[in-house]
**Student:** 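Sending over a structure as structure tokens; questions will come in a sec.
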Amino acid sequence: MKAHGVFNTAQGLEKNGIAGASAVYYNLSEPQLYEYALSRGEAELAAGGALVARTGEHTGRSAKDKFVVRDGIVEDHVWWDNNKPMAPDAFERLYTDMLAATNGKELFVQDLTGGADAEHAINVRVVTEKAWHSLFIRNLLIRPDRAALKNFAPQMTIIDLPSFRADPVKHGCRTETVIAVDLTRMIVLIGGTSYAGEMKKSVFTALNYLLPGRGVMPMHCSANVGPNGDAAVFFGLSGTGKTTLSADPERTLIGDDEHGWGPDGIFNFEGGCYAKTIRLSAEAEPEIHATTQRFGTVLENVILDADRKPDFDNGSLTENTRCAYPLHFIPNASDTGNAGHPANIIMLTADAFGVMPPIAKLTPAQAMYHFLSGYTAKVAGTEKGVTEPEATFSTCFGAPFMPRHPSEYGNLLRELIAEHGVDCWLVNTGWTGGAYGVGQRMPIKATRALLRAALDGSLNAAEFRTDPNFGFAVPVAVAGVDSSILDPRSTWADKAAYDAQATRLSSMFRDNFDKFEGHVDLEVMDAAPVFLEAAE
Ligand SMILES: Nc1ncnc2c1ncn2[C@@H]1O[C@H](COP(=O)(O)OP(=O)(O)O)[C@@H](O)[C@H]1O
Ligand SMILES: C=C(OP(=O)(O)O)C(=O)O
Ligand SMILES: [Mn+2]
């Protein structure tokens, strides 16, 4: 096996059971990875310098094909209602077959770190058959300096082979696509998908398993810090605005997706960002847009025009088009990935029913209720004529990545909020003026203005009303924001339709929360929305 590049020679791929690859490229730099990706026909070059790759069939995560190995060690610690088990012997067969599939192939290895706090970091080796995947994960995780690579000892290994086809009968999976996570040996096997996001979310899954035992709260959130050292975290499911809103010219970016909160404050798990590019506008999101016009950024499933310029309005491959870039491509990003304890917690939701106010202040019990609910609503969108949004409740704002019971994460968060006296807010980046199909998406400008008031503390002094459905406190007026949007009911032409929709959403919340009865105290149960009869 011919080895190229810089690595710890005592930790070659042979240690991972890979001995028959035709060549192994260790820790190649960005220009080298470009050369391989282009010469192997994996990608194209965009005007401006980004590398553009397509993922084929899978243009998003394959949540239904993700499995956790159920062995005696993790058995009592994993929340099996939420994680699909894979038998250890099935995993072993899959592992053997994936290792065999590397024979004769060229492989790319990146030795990287997950966790900007050295005390809680994990060394991750990522083995891929695609050069562009190697560049992607190099952009996304934390890059040790060249000298450190010579002593790098992997604590976790991800093997990503898109050309591998799993066999459900032999490998105990569902389809030819598989993401199998062994939390005991810290091995992740990815087969049958080229969607690059699987790799970064696998590291997240591992840290979400490891960190609670060490008193660190892992969070599916973005984070930034203000000029006075006031950190903020933004929880939210996919598409709610974590990445968009954390890139704020007035605040230092810590990270856009995965963080830990420990005794010393918050820290990024990653060293890069993964932003959505569909309808990306240079005007509304200048910092993110600029990353797409330069060397080093990976564009995923983005269509190029005749001049090779990215066409962000083209969703013909998928609406989930992406760009992946290292943190320092955002002008005011932190170079440590660390910040102090957050002063504010924002819970983002994209309420496509248009019922929730653009911002509300939450009591600690309400914050716990909404954290455990993990609500957002997706627009069905793609089918013609289907305008009814679909509610999603994904606990901890990230159920697909949470190996442990939500009460473990919830209790940790609750203690941290109390200990540090954190102000909590719910922010709706979804619809105003009616539900999806009638109203429009909340203007990013309005969301940013409301966030600014919340984060600088001025919003605390506003006059608040109590929302009749949800019971949280909603500001009546905010400087620089059109007051009419603050009360969602007032933005609907048809008030009875609003009341009916609000009642429906309240009951969805209550039905979803039944499963937490007995796991939370009465105060949190009482933070549920009330049942209001819809007005005539
Ligand atoms: N008011 C708003 N706040 C945040 N994002 C918005 C808003 N209106 C539209 N968007 C769009 O919604 C998407 C939010 O996605 P993103 O920030 O990537 O979410 P996440 O990181 O939580 O998955 C972006 O494409 C953004 O342009
Ligand atoms: C990377 C992802 O996260 P997000 O959409 O939250 O940015 C994903 O869901 O694949
Ligand atoms: Mn994001």
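Since the model is a prediction, treat every value here as computed from it, not as a measurement. Remember, it's 1-based here, ligands and their atoms both numbered in the order they're listed. One is the number of the first residue; the rest follow in order along the sequence.
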**Student:** Give the single entry among Gly197, Ala196, Ser238 that approaches atom 5 (O) of ligand 2 most closely by any heavy atom.
**Tutor:**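 It is Ser238 that holds the nearest heavy atom.
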**Student:** Where does the angle between the aromatic ring planes of Phe509 and Phe393 fall among parallel (under 30°), tilted (30 to 60°) and perpendicular (over 60°)?
**Tutor:**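 Plane angle over 60°, so perpendicular.
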**Student:** For ligand 1, which atoms have a heavy atom of Leu237 less than 4.0 angstrom away?
**Tutor:**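 That gives atoms 22 (O) of ligand 1.
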**Student:** So which bit of Asp256 gets within less than 4.0 Å of ligand 2, heavy atoms only: side chain, backbone, both or neither?
**Tutor:**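 Under 4.0 Å from ligand 2, Asp256 contributes no heavy atoms.
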**Student:** Is Gly241 close to ligand 1, meaning an N/O of one under 3.5 Å from an N/O of the other?
**Tutor:**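 In this structure, Gly241 places an N or O atom under 3.5 Å from an N or O of ligand 1.
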**Student:** Only heavy atoms of Met442, strictly under 4.0 Å: list the atoms of ligand 1 that pass.
**Tutor:**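 Listed by number with element: 1 (N), 2 (C), 7 (C), 8 (N).
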**Student:** Supply the atom-to-atom distance Asn344 CG to Phe234 CZ, rounded to the nearest 0.5 angstrom.
**Tutor:**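 Reported value, rounded in 0.5 Å steps: 8.5 Å.
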**Student:** Below 4.0 angstrom from a heavy atom of Tyr195, which ligand 2 atoms are there? Numbered from 1 as shown, please.
**Tutor:**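 Counting atoms of ligand 2 from 1, those under 4.0 Å from Tyr195 are 8 (C), 10 (O).
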**Student:** Which bit of Arg322 is near ligand 2, meaning a heavy atom under 4.0 Å away: side chain, backbone, both or neither?
**Tutor:**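 Answer for Arg322: side chain.
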**Student:** Please could you name the atoms of ligand 1 that Thr447 approaches to less than 4.0 Å, counting only its heavy atoms?
**Tutor:**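 Within the 4.0 Å cut-off of Thr447, ligand 1 contributes 1 (N), 2 (C).
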**Student:** Looking at Gln440, I'd like to know if its CD atom is crowded, meaning that more than 12 non-hydrogen atoms belonging to other residues, nucleotides or ligands lie closer than 6.0 Å.
**Tutor:**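 Yes, the 6.0 Å shell around CD holds more than 12 heavy atoms from other groups.
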**Student:** Return the option from Arg441, Glu285, Lys445 holding the heavy atom at the smallest distance from atom 5 (N) of ligand 1.
**Tutor:**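 Closest candidate by heavy-atom distance is Arg441.
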**Student:** Look at atom CZ of Arg174 and say whether more than 12 heavy atoms of other residues, nucleotides or ligands are closer to it than 6.0 Å.
**Tutor:**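 Check passes, neighbour count above 12.
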**Student:** Determine the interplanar angle of the Phe401 and Phe204 rings, folded into 0 to 90°, and report it as parallel if under 30°, tilted if 30 to 60°, perpendicular if over 60°.
**Tutor:**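 Aromatic pair Phe401/Phe204 classed tilted.
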**Student:** By number and element, which atoms of ligand 1 are closer than 4.0 Å to a non-hydrogen atom of Ser238?
**Tutor:**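 Heavy-atom distances to Ser238 below 4.0 Å select 23 (O).
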**Student:** Answer whether the closest heavy-atom distance between the side chains of Met217 and Arg414 falls below 4.5 Å.
**Tutor:**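 No, too far: nothing below the 4.5 Å cut-off.
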**Student:** Strictly under 2.8 Å, is any N, O or S atom of Ser238 next to the Mn ion (ligand 3)?
**Tutor:**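 It does not; every qualifying atom lies at 2.8 Å or beyond.
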**Student:** For ligand 1, does Pro443 get within less than 4.0 Å through its side chain, its backbone, both, or neither, judged by non-hydrogen atoms?
**Tutor:**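 The part of Pro443 near ligand 1 is the backbone, not the side chain.
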**Student:** Looking only at distances, can you tell me whether any N or O atom of Gly239, backbone or side chain, sits closer than 3.5 Å to an N or O atom of ligand 1?
**Tutor:**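 N/O-N/O distance under 3.5 Å: yes.
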**Student:** Does the N or O separation between Thr243 and ligand 2 drop below 3.5 Å for any pair?
**Tutor:**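 In fact, backbone or side chain, Thr243 has no N or O that close.
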**Student:** With heavy-atom distances below 4.5 Å as the criterion, would you say the side chains of Phe267 and Thr336 are in contact?
**Tutor:**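 Phe267 vs Thr336: side chains apart.
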**Student:** Report yes if some N/O of Thr243 lies less than 3.5 Å from some N/O of ligand 1; otherwise report no.
**Tutor:**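 Yes, Thr243 has an N/O under 3.5 Å of an N/O on ligand 1.
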**Student:** Would you check, one step at a time, whether the test ring pair (Phe, Tyr, Trp, His ring centres under 6.0 Å) holds for His120 with Phe269?
**Tutor:** CA-CA 9 Å; His120 305 294; Phe269 291 167; 9.6 Å; no
**Student:** Could you label the plane-to-plane angle of the Tyr436 and Trp431 rings as parallel, tilted or perpendicular, counting under 30° as parallel and over 60° as perpendicular?
**Tutor:**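 Perpendicular, since the angle between the ring planes exceeds 60°.
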**Student:** List the closest protein heavy-atom neighbour of atom 2 (C) of ligand 2: residue, atom name, distance to the nearest 0.1 Å.
**Tutor:**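 Ranking protein heavy atoms by distance from atom 2 (C) of ligand 2, first comes Lys201 NZ, 3.3 Å.
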